Structures are given as C-alpha cells and as structure tokens.
Asker: 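Right, I'll just put the structure down here and ask away after.
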Amino acid sequence: MQPSSQETLIHVAADGATLEGALVLPPSAPGIVLFAHGSGSSRLSPRNNFVARILQQAGLATLLIDLLTPAEDRDYATRFDIPLLTQRLLATTRWLQQQPATGKLPIGYFGASTGAAAALQAAARLDDRLAAVVSRGGRPDLAGEDALNAVRAPTLLIVGGHDDGVIQLNQEAYALLRCPKEMVIVPGATHLFEEPGTLEQVAAHASRWFVRHLTPATAS
C-alpha cells in the first residue's frame with residue numbers, strides 16, 4: 001500500500017463555468033485517473049470515492065471533479081447532455097496537462113453511467129493521448145457509433161450481472177470498439193453495485209486495468 005496523500009481542492013475554468021474537484025497525488029504516481037460522474041452524481045459519490053481510494057492504494061493519482069455546476073445539475077436534461085459533459089471533461093484534461101505536478105502523467109478516464117459516454121467521446125477526440133478508459137455500469141452506447149469506432153485507448157466495460165438492459169447496451173457498444181478491450185460482468189450486481197462485495201470487484205478490475213495501462217514499465 002502506498003503512503004497516504006492529502007486531498008487538494010482544485011478549480012477548473014470551462015465554458016464560463018468553474019468546476020470544483022478533489023485531487024489526490026500519491027508520491028511518484030505513474031499516472032492519474034480522471035473520474036467522469038454520471039447523471040445525478042458528483043465528486044462526492046461514495047461509490048466513486050471508494051474506487052478512487054483503491055486506485056490511490058495502488059499508487060495512482062485521482063481527480064474527482066464535478067463536470068456540472070450545482071445549478072446545471074438540478075436540470076435533468078443537462079445531466080444527459082453528453083456533448084457538454086465531454087467538453088467539460090476535455091477542459092479538465094487540458095488543465096491536468098498544464099499543471100507541473102500532473103502534466104507528464106499518463107491519463108485514464110473512469111466513467112459511470114452517462115459519464116462513461118462522455119469519457120468515450122473525449123477518448124475518441126484524444127486519440128492516442130489517452131492511456132485507458134474504464135466504464136462502471138455505464139452507457140457507452142450513448143457515445144455514438146462514430147466515437148466508439150474512433151477510440152484508441154484500451155477500454156474496460158464493467159457491468160452488473162443483474163443490470164437488465166444495460167448489459168445488452170454494453171455488448172452492442174463493445175462490438176463497435178476497435179481498441180484493445182475487455183468486458184467484465186460482475187455476478188449478482190445491479191446497476192449501482194450496492195450488493196455486498198460487488199463494488200470491491202469493480203475497484204479490483206479498474207485497478208488492474210489502470211495499473212496495466214498507466215504504468216510505463218508495464219504499459220502495452
């Protein structure tokens with residue numbers, strides 16, 4: 001386990017909005033994972049924070065950020081505005097690339113729900129400048145066929161075995177991906193992975209994927 005690191009509150013300017021996030025940078029982190037939250041979620045999501053802690057224990061840096069302002073998040077339609085979420089994610093990525101402490105770190109995206117679609121759309125725009133993508137209970141289908149075909153970053157889709165309907169949507173999106181890819185179905189899990197032990201499995205799979213693809217010595 002890596003030494004504990006202090007959380008730093010950061011602010012990113014994007015399209016006239018100010019986005020607030022929590023950055024954790026362990027000593028000698030080989031890469032950083034940027035979390036793209038889903039509809040109705042935020043950087044305070046207990047599920048994403050749990051996954052972030054597991055990634056930090058593996059030595060990875062994390063940034064959990066609100067892609068929407070509080071006012072925007074109260075608008076149900078805005079939560080599903082994938083192009084807006086994508087632009088905010090790209091703006092946050094540029095911010096990371098401009099900071100002395102994170103500018104040279106490989107970047108991965110962890111997307112949940114609609115955040116997964118934004119992560120994949122952004123990945124398509126970044127081409128080989130993104131190191132990896134993980135989707136948790138995501139809607140990668142909402143990224144669209146063109147974006148899915150264009151993603152180059154190794155992509156892992158994680159779905160609950162009892163997440164009816166979403167499994168098929170992930171399978172359809174998976175078939176359109178042309179990058180190195182893997183799909184994991186967690187037995188007994190529903191959409192939010194609230195069942196005992198299921199979120200731990202998500203975190204373990206995500207950690208494995210990001211360590212593999214964000215660590216220079218082992219990146220393929």
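These numbers come from a predicted model, not from an experiment.
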Asker: Examine Phe80 and Leu169 and state if one hydrophobic cluster contains both, with Ile, Leu, Val, Met, Phe, Trp and Tyr joined whenever side-chain heavy atoms are less than 4.5 Å apart.
Answerer: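 Not linked; separate clusters.
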
Asker: Let me see the working for Arg136 and Asn48 under side-chain contact (heavy atoms from CB on, under 4.5 Å), right down to the final yes or no.
Answerer: CA-CA 9 Å; Arg136 170 186 66 80; Asn48 282 347; 3.2 Å; yes

Asker: Would you give the length of the straight line joining atom CG of Leu23 to atom CD of Gln99, rounded to the nearest 0.5 angstrom?
Answerer: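 Taking CG in Leu23 and CD in Gln99, the distance rounds to 9.0 Å.
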
Asker: In chain order, what residues pass the salt bridge (charged side-chain N to carboxylate O under 4.0 Å, His left out) check against Arg139, with sequence neighbours excluded?
Answerer: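 Per chain and number, Arg139 pairs via salt bridge (charged side-chain N to carboxylate O under 4.0 Å, His left out) with Asp141.
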
Asker: For Asp15, does the CG atom sit with more than 12 other heavy atoms under 6.0 Å from it, leaving out its own atoms?
Answerer: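 Check passes, neighbour count above 12.
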
Asker: So, taking the atom named CZ in Arg94 and the one named CG in Leu89, what distance separates them when rounded to the nearest 0.5 Å?
Answerer: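 Rounded to the nearest 0.5 Å, the CZ-CG separation comes out at 10.0 Å.
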
Asker: For the residue pair His205 and Trp209, is the inter-centroid distance of their aromatic rings smaller than 6.0 Å?
Answerer: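 Centroid separation for His205 and Trp209: 6.0 Å or greater.
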
Asker: Roughly how far apart are Leu63 CG and Glu7 CD, rounded to 0.5 Å?
Answerer: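 Rounded to the nearest 0.5 Å, the CG-CD separation comes out at 10.0 Å.
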
Asker: Between CG of Leu85 and CG of Leu68, what distance do you get to the nearest 0.5 Å?
Answerer: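 Between Leu85 CG and Leu68 CG, I get 5.0 Å after rounding to 0.5 Å.
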
Asker: Looking at Asp163 and Val159, would you say the former's side chain and the latter's main chain have a donor-acceptor pair under 3.5 Å?
Answerer: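 Not confirmed, Asp163 side chain does not pair with Val159 backbone.
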
Asker: Going by atom types alone, do Thr93 and Tyr109 pair a side-chain donor with an acceptor below 3.5 Å?
Answerer: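 Checked: Thr93/Tyr109 side chains pair up, N/O donor to acceptor below 3.5 Å.
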
Asker: Would you say the side-chain atoms of Gln56 pair up with the backbone N or O of Thr62, donor to acceptor, closer than 3.5 Å?
Answerer: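 Absent.
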
Asker: So Val12 and Thr18, side-chain contact (heavy atoms from CB on, under 4.5 Å) or not? Walk me through it.
Answerer: CA-CA 6 Å; Val12 176; Thr18 299; over 6 Å; no

Asker: Would you say the side-chain atoms of Gln121 pair up with the backbone N or O of Ala143, donor to acceptor, closer than 3.5 Å?
Answerer: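 Yes, Gln121 side chain to Ala143 backbone: donor-acceptor pair under 3.5 Å.
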
Asker: Would you check if the side chain of Thr102 reaches a backbone N or O of Leu96 as a donor-acceptor pair within less than 3.5 Å?
Answerer: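 Yes, the answer is positive, given that a donor and an acceptor are paired below the 3.5 Å cut-off.
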
Asker: Going from NE2 on His191 to OG on Ser113, what distance comes out if it is rounded to the nearest 0.5 angstrom?
Answerer: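 With rounding to 0.5 Å, NE2 (His191) is 4.5 Å from OG (Ser113).
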
Asker: Got a donor-acceptor contact below 3.5 angstrom from the Thr190 side chain to the Phe193 backbone?
Answerer: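 Checking the backbone N and O of Phe193 against the side chain of Thr190, no donor-acceptor pair under 3.5 Å is found.
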
Asker: Do you know which two heavy atoms are closest between Ala153 and Ala131, and how far apart they sit?
Answerer: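 Taking every non-hydrogen atom into account, CB-C, 4.1 Å.
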
Asker: Would you say Leu156 and Val133 make side-chain contact, with heavy atoms under 4.5 Å?
Answerer: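 Contact flag for Leu156/Val133 side chains = no.
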
Asker: Would Phe35 and Val24 show up in the same hydrophobic cluster when neighbours are defined by side-chain heavy atoms closer than 4.5 Å?
Answerer: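 Shared cluster, no.
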
Asker: Keeping Lys181 on the side-chain end and Tyr174 on the backbone end, is there a donor-acceptor pair under 3.5 Å?
Answerer: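 The answer is yes, because a donor-acceptor pair under 3.5 Å joins these two groups.
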
Asker: Tell me, do Asn170 and Met183 make a side-chain contact under 4.5 Å, heavy atoms counted?
Answerer: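 SC-SC contact between Asn170 and Met183 confirmed.
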
Asker: Residues two or more places apart in sequence or in another chain: which of them pass side chain to side chain donor-acceptor pair (under 3.5 Å) with His162?
Answerer: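 Residues passing side chain to side chain donor-acceptor pair (under 3.5 Å) with His162: none at all.
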
Asker: Applying side-chain contact (heavy atoms from CB on, under 4.5 Å) to Thr92 and Leu19, what does each step give before you reach the verdict?
Answerer: CA-CA 9 Å; Thr92 306; Leu19 312 179; 4.0 Å; yes

Asker: Tell me if a side-chain donor or acceptor on Ser135 pairs with a main-chain N or O of Leu157 at a distance below 3.5 Å.
Answerer: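 No; zero donor-acceptor contacts below 3.5 Å.
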
Asker: So His213 and Arg208, do their side chains get closer than 4.5 Å, heavy atoms only?
Answerer: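 Result no, sub-4.5 Å side-chain heavy-atom pair not found.
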
Asker: Could you walk me through whether Ile54 and Val51 pass side-chain contact (heavy atoms from CB on, under 4.5 Å), step by step?
Answerer: CA-CA 5 Å; Ile54 299 301; Val51 174; 5.7 Å; no

Asker: Give a yes or no on whether Gln97 atom CD has more than 12 heavy-atom contacts from other residues, nucleotides or ligands under 6.0 Å away.
Answerer: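 Yes, enclosed.
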
Asker: Work out which heavy atom in Ala118 is nearest to a heavy atom in Thr86; give both atom names and the distance.
Answerer: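 Taking every non-hydrogen atom into account, CA-OG1, 3.4 Å.
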
Asker: Specify the closest pair of heavy atoms between Gly138 and Ala116, including all atoms of both residues, with the distance to one decimal.
Answerer: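 Looking at all heavy atoms of both residues, the shortest contact is CA-CB, 3.8 Å.
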
Asker: If you group Ile, Leu, Val, Met, Phe, Trp and Tyr by side-chain heavy-atom gaps below 4.5 Å, do Val184 and Phe110 land in one group?
Answerer: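 Shared cluster, yes.
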
Asker: Please report the closest heavy-atom contact between Leu120 and Pro140, naming both atoms and the distance.
Answerer: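 So the minimum-distance heavy-atom pair works out to CD1-CB, 3.4 Å.
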
Asker: Would a 4.5 Å heavy-atom cut-off, applied to side chains only, mark Ile32 and Leu60 as touching?
Answerer: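 Side chain of Ile32 against side chain of Leu60, heavy atoms only: no contact under 4.5 Å found.
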
Asker: Is there a donor-acceptor pair under 3.5 Å between the side chain of Ser207 and the backbone N or O of Ala203?
Answerer: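 Not at all, since once roles are kept as given, no pair shorter than 3.5 Å links the two residues.
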
Asker: Look at the side-chain heavy atoms of Ile, Leu, Val, Met, Phe, Trp and Tyr, link any pair under 4.5 Å apart, and say whether Leu192 and Phe50 land in one connected group.
Answerer: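 No, Leu192 does not connect to Phe50 through the hydrophobic network.
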
Asker: What is the distance from atom CD of Gln171 to atom CG of Leu176, rounded to the nearest 0.5 Å?
Answerer: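 Going from CD on Gln171 over to CG on Leu176, the span is 12.5 Å.
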
Asker: Report yes or no: do Trp95 and Leu84 belong to one cluster of Ile/Leu/Val/Met/Phe/Trp/Tyr joined by side chain heavy-atom distances under 4.5 Å?
Answerer: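 They do share one cluster, since a chain of ILVMFWY contacts under 4.5 Å joins Trp95 to Leu84.
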
Asker: Checking Thr215 side chain against Arg212 main chain: does a donor-acceptor pair fall under 3.5 Å?
Answerer: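 Answer holds: no.
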
Asker: Of all heavy-atom pairs between Thr155 and Cys179, which one has the smallest distance, and what is that distance?
Answerer: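 Nearest heavy atoms, Thr155 then Cys179: OG1-SG, 3.6 Å.
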
Asker: Report the residue from Asp127, Leu126, Leu130 that forms a side chain to side chain contact (heavy atoms under 4.5 Å, CB included) with Arg152.
Answerer: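 Only one of Asp127, Leu126, Leu130 forms a side chain to side chain contact (heavy atoms under 4.5 Å, CB included) with Arg152, namely Asp127.
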
Asker: Between Leu90 and Ala122, which heavy-atom pair has the shortest distance, and what is it?
Answerer: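 The answer is CD2-CB, 3.8 Å.
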
